[in-house]
Structures are given as C-alpha cells and as structure tokens.
Amino acid sequence: MSDELRRNMALFPISTVMKLTDLSARQIRYYEQHGLVRPARTKGNQRLFSFNDVERLLEIKSLIEKGVNIAGIKQMLKPVNSDSEEATVITPQSEEQRRKFADSKQFRRLMKHQMLTGNRYNRTTLLQGELARFFKT
DNA sequence: TTTCTGACA
DNA sequence: TGTCAGTA
C-alpha cells in the first residue's frame, strides 16, 4: 500500500477529527461548506476524514489563528483535489471493516508511521504533534 | 449514541 | 461560532 493511498484513506469520524484538530464540529462542517476540505462519506452520509483532511484542517486552523479569513485560506490552499483527494478517495470499506481497522495493529503502525514520516514533502507536520498528543493520554 | 442539515442569534 | 431541533 502506497503512502499516497494511506494518507487518503477515509478513516476518522468527525468526533476523532475534533480531538485531533481541537476544532468544533461546527467549524469543521463550516470549512467543508466553503470547500476547504472534502471528507468522504459513508452510506449513512456520515463524514469520514483522511490524514490529508486532518492535516488540511490543521493548516486551516493555524491560518485562522493568524487572522486569515476563509477567502484568504481558499486561495492559499487551492487544490483540494488536484494532488490528493478525488482520484484516490478510498473508500469506505464497510463500517465494520473501517472500525475494525481503526483499532488494529496495522492502524497503530500507520499512526506511528505518520508521526515519524510526515507528509510527502518530508516536512514535519502539525499532524505529527497532534497524533503524538492523541496517543499519550 | 453520534452525526447530519438547517436555522437563529 | 455556539446551540437547538428533528432525523437517520
């Protein structure tokens, strides 16, 4: 399984993303409305976020904290699809499979990998810190 | 129980 | 952005 694929796997429900990003569900949905992120959906219409989505949300968060408005962020984070989403939107395996995976050893490895590796630009990402915090407590 | 959309403040 | 309503 390629890194690209792993980063684009839709795995987290909004509750997990809230903890990871420290954003409210209201904010996350609001940013989605404005096209800042494109989480996948389950058959039940529930949002499923990927590592890429979470990372994007963290970038958005930092930008908001710096006083940048939605319009400004839209221009800075333009390509919502070109280099990541859509083409790879992995899918929502069945709910059972997803939940099972989210608690598996493989998942732990994935998380660890994300913490150590970071994104494809070999740059330390905000997500790494969030991930570490998420697993310590 | 959790999440979703829409709406009001 | 928070929060409430009515669903799925």
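In what follows, every chain begins at residue 1, and chains take the letters A, B, ... in the order their sequences are listed.
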Undergrad: For A:Ile28 and C:dG2, what is the distance between atoms CD1 and P respectively, to the nearest whole Å?
TA: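 These atoms are roughly 11 Å apart.
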Undergrad: Give me the atom names and distance for the closest heavy-atom approach of A:Arg47 to A:Pro39.
TA: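 Scanning both residues completely, I find the closest heavy atoms to be CG-CG, 3.6 Å.
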Undergrad: Check step by step if side chain to side chain contact (heavy atoms under 4.5 Å, CB included) holds for A:Ile28 and A:Met18.
TA: CA-CA 8 Å; A:Ile28 296 170; A:Met18 288 173 67; 3.9 Å; yes
Undergrad: Can you tell me the distance, in whole Å, between the CZ atom of A:Arg29 and the P atom of B:dA7?
TA: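 Nearest whole value for this atom pair: 15 Å.
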Undergrad: Report the distance from atom OH of A:Tyr31 to atom P of C:dT1, rounded to the nearest whole Å.
TA: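 Taking atom P of C:dT1 as the reference, OH of A:Tyr31 is at 4 Å.
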Undergrad: Ignoring hydrogens, what is the shortest heavy-atom contact between A:Ile64 and A:Ile73? Give both atom names and the distance.
TA: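 Looking at all heavy atoms of both residues, the closest pair is CD1-CD1, 3.6 Å.
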Undergrad: Just by modelled atom types, is the A:Gly35 backbone N or O under 3.5 Å from a matching donor or acceptor in the A:Lys74 side chain?
TA: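 Checking the backbone N and O of A:Gly35 against the side chain of A:Lys74, no donor-acceptor pair under 3.5 Å is found.
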Undergrad: If I take atom CD in residue A:Gln33 and atom P in nucleotide B:dT3, what distance separates them, rounded to the nearest angstrom?
TA: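 A:Gln33 atom CD is separated from B:dT3 atom P by 18 Å.
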Undergrad: Which atom pair, heavy atoms only, marks the closest approach of A:Leu58 to A:Thr21?
TA: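 Minimum heavy-atom separation between A:Leu58 and A:Thr21: CD2-CA, 3.7 Å.
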Undergrad: Just the rounded figure in Å: distance from P of B:dT3 to CZ of A:Arg41.
TA: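 The distance from CZ of A:Arg41 to P of B:dT3 comes to 13 Å, rounded to the nearest Å.
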Undergrad: Is the phosphate of C:dG2, meaning OP1 or OP2, less than 4.0 Å from a side-chain N or O of A:Ser24?
TA: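 Answer yes for this pair, as a side-chain N or O of A:Ser24 is under 4.0 Å from OP1 or OP2.
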Undergrad: To the nearest angstrom, how far is A:Glu32 atom CD from C:dT1 atom C1'?
TA: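 Whole-Å distance recorded here is 17 Å.
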Undergrad: Could you tell me how far apart A:Leu48 (CG) and B:dT2 (P) are, to the nearest whole angstrom?
TA: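 In whole Å, B:dT2 P lies 17 Å from A:Leu48 CG.
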Undergrad: Below 4.0 angstrom, N of the basic side chain to O of the carboxylate: do A:Arg26 and A:Glu32 qualify?
TA: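 So A:Arg26 does not pair with A:Glu32 through a salt bridge.
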Undergrad: Examine B:dT3: is either OP1 or OP2 under 4.0 Å from a nitrogen or oxygen in the side chain of A:Arg47? Give yes or no.
TA: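 So the side-chain polar atoms of A:Arg47 never come under 4.0 Å of the phosphate oxygens OP1 or OP2 of B:dT3.
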Undergrad: Return no unless some side-chain N or O of A:Tyr30 is found under 4.0 Å from OP1 or OP2 of B:dC4.
TA: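 Answer is no, no contact under 4.0 Å.
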Undergrad: Which nucleotide, if any, forms a Watson-Crick or G-U wobble pair with B:dT2, using both distances under 3.5 Å?
TA: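 Matched B:dT2 with C:dA8 under the 3.5 Å cut-off.
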Undergrad: Protein-nucleotides 3-8 of chain C N/O pairs closer than 3.5 Å?
TA:
| unit_1 | atom_1 | unit_2 | atom_2 | d |
| --- | --- | --- | --- | --- |
| C:dT3 | O4 | A:Arg26 | NE | 3.1 |

Undergrad: Using atom CZ of A:Phe49 as one end and atom P of B:dT2 as the other, report the distance to the nearest whole Å.
TA: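 Value for this atom pair: 17 Å.
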Undergrad: Take A:Gln27 and A:Ser24, measure what side chain to side chain donor-acceptor pair (under 3.5 Å) needs, and give me the verdict at the end.
TA: CA-CA 5 Å; A:Gln27 290 175 297; A:Ser24 66; 3.3 Å; yes
